[in-house]
Undergrad: 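Here you go, one structure.
Below, chains carry the letters A, B, ... as their sequence lines are ordered, and counting in each starts from 1. This one's a predicted model, so the numbers in the text were calculated from it and none came from an experiment.
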Amino acid sequence: AQSVTQLGSHVSVSEGALVLLRCNYSSSVPPYLFWYVQYPNQGLQLLLKYTSAATLVKGINGFEAEFKKSETSFHLTKPSAHMSDAAEYFCAVSDRGGSQGNLIFGKGTKLSVKP
Amino acid sequence: DTAVSQTPKYLVTQMGNDKSIKCEQNLGHDTMYWYKQDSKKFLKIMFSYNNKELIINETVPNRFSPKSPDKAHLNLHINSLELGDSAVYFCASSPRAGGNSPLHFGNGTRLTVT
């Protein structure tokens, strides 16, 4: 069965600093991996996804993530944090072989950005 | 022109009542979902429909009954509401079923049971 672990329920960075949100996955088959962002009182919005093309995936708002099979990781990074990046971030995994598209979400990491 | 819209946005009701949440998507997607987000922000799938056919039915009390009149609509009816049902319920859609198809979420319905 697939699972996702997000290390750190809360990450705080200064504006302009590097953002690093950690995600490790467990899957018996090569996974599809996703990062979603949730702003207050809103639904989740797709940031980026990995589906076996390039291991470095670029997403919206300057975010990117690198798939590392040897480390079973899919960490999300952004070189320079902006105040508008403050939100909850969710990593998710889906069974590549599954036909139902059942996404398993991590518990989320709340990103705070200090001025 | 909202892609996935849910109504109502807020729902406050008493234990034992029956309530419904409606969802509509105008993206032309084949697959729709209901997710529950608890107070700790944990998201868990409840149901999924593909072209009006139920394809995912997680371990959810049978007080919860989804209905999909057409592939653009997926409603959620809850009978005999309990305190533990308080949560944010998200509707989502995707172009098709399948693990690589990203989800488009509505803005959620915050259900409070008193």
Undergrad: Of the backbone (N, CA, C, O) and the side chain (C-beta and beyond), which part of B/K9 lies under 4.5 Å from a heavy atom of chain A, both, or neither?
TA: side chain
Undergrad: Report which part of A/Q42 has an atom under 4.5 Å of a heavy atom belonging to chain B: side chain, backbone, both, or neither.
TA: both
Undergrad: For B/R96, is it the side chain, the backbone, both or neither that has a heavy atom under 4.5 Å from a heavy atom of chain A?
TA: neither
Undergrad: Could you grab the distance from atom CG of A/L46 to atom OG of B/S94, nearest 0.5 Å is fine?
TA: 11.5 Å
Undergrad: In Å and rounded to the nearest 0.5 Å, what is the NZ to OG distance from B/K41 to A/S9?
TA: 12.5 Å
Undergrad: Determine whether B/V4 and A/L44 fall in the same hydrophobic cluster, where Ile, Leu, Val, Met, Phe, Trp and Tyr are linked whenever their side-chain heavy atoms lie under 4.5 Å apart.
TA: no
Undergrad: Report yes or no: do B/I45 and B/I21 belong to one cluster of Ile/Leu/Val/Met/Phe/Trp/Tyr joined by side chain heavy-atom distances under 4.5 Å?
TA: no
Undergrad: Quick one: CZ on A/F105 to CD on B/Q37, what's the gap to the nearest 0.5 Å?
TA: 9.5 Å
Undergrad: Surrounding NZ of B/K71 (heavy atoms of other residues, nucleotides or ligands, distance under 6.0 Å), is the total greater than 12?
TA: yes
Undergrad: Determine whether B/L103 and A/F34 make a side-chain contact, defined as any pair of heavy atoms from C-beta on separated by less than 4.5 Å.
TA: no
Undergrad: Verify the cluster assignment for A/Y89 and A/V113: are they in a single hydrophobic cluster under the rule of side-chain heavy atoms below 4.5 Å apart?
TA: yes
Undergrad: Could you tell me which portion of A/K49 (side chain, backbone, both or neither) has an atom closer than 4.5 angstrom to a non-hydrogen atom of chain B?
TA: side chain
Undergrad: For A/E15, look at atom CD and say whether over 12 heavy atoms of other residues, nucleotides or ligands are found less than 6.0 Å away.
TA: yes
Undergrad: Do you reckon A/V4 sits in the same ILVMFWY cluster as A/L76, going by side-chain contacts under 4.5 Å, direct or chained?
TA: yes
Undergrad: Would a single hydrophobic cluster contain both B/L27 and B/Y49, if residues Ile, Leu, Val, Met, Phe, Trp and Tyr are joined by side-chain heavy-atom contacts under 4.5 Å?
TA: no
Undergrad: Nearest 0.5 Å please: distance from the OH atom of B/Y35 over to the CG atom of A/L103.
TA: 4.5 Å
Undergrad: Less than 4.5 Å apart, any side-chain heavy atom of A/Q38 and any of B/F90?
TA: yes
Undergrad: At a heavy-atom separation under 4.5 Å, does B/E58 approach chain A through its side chain, its backbone, both, or neither?
TA: side chain
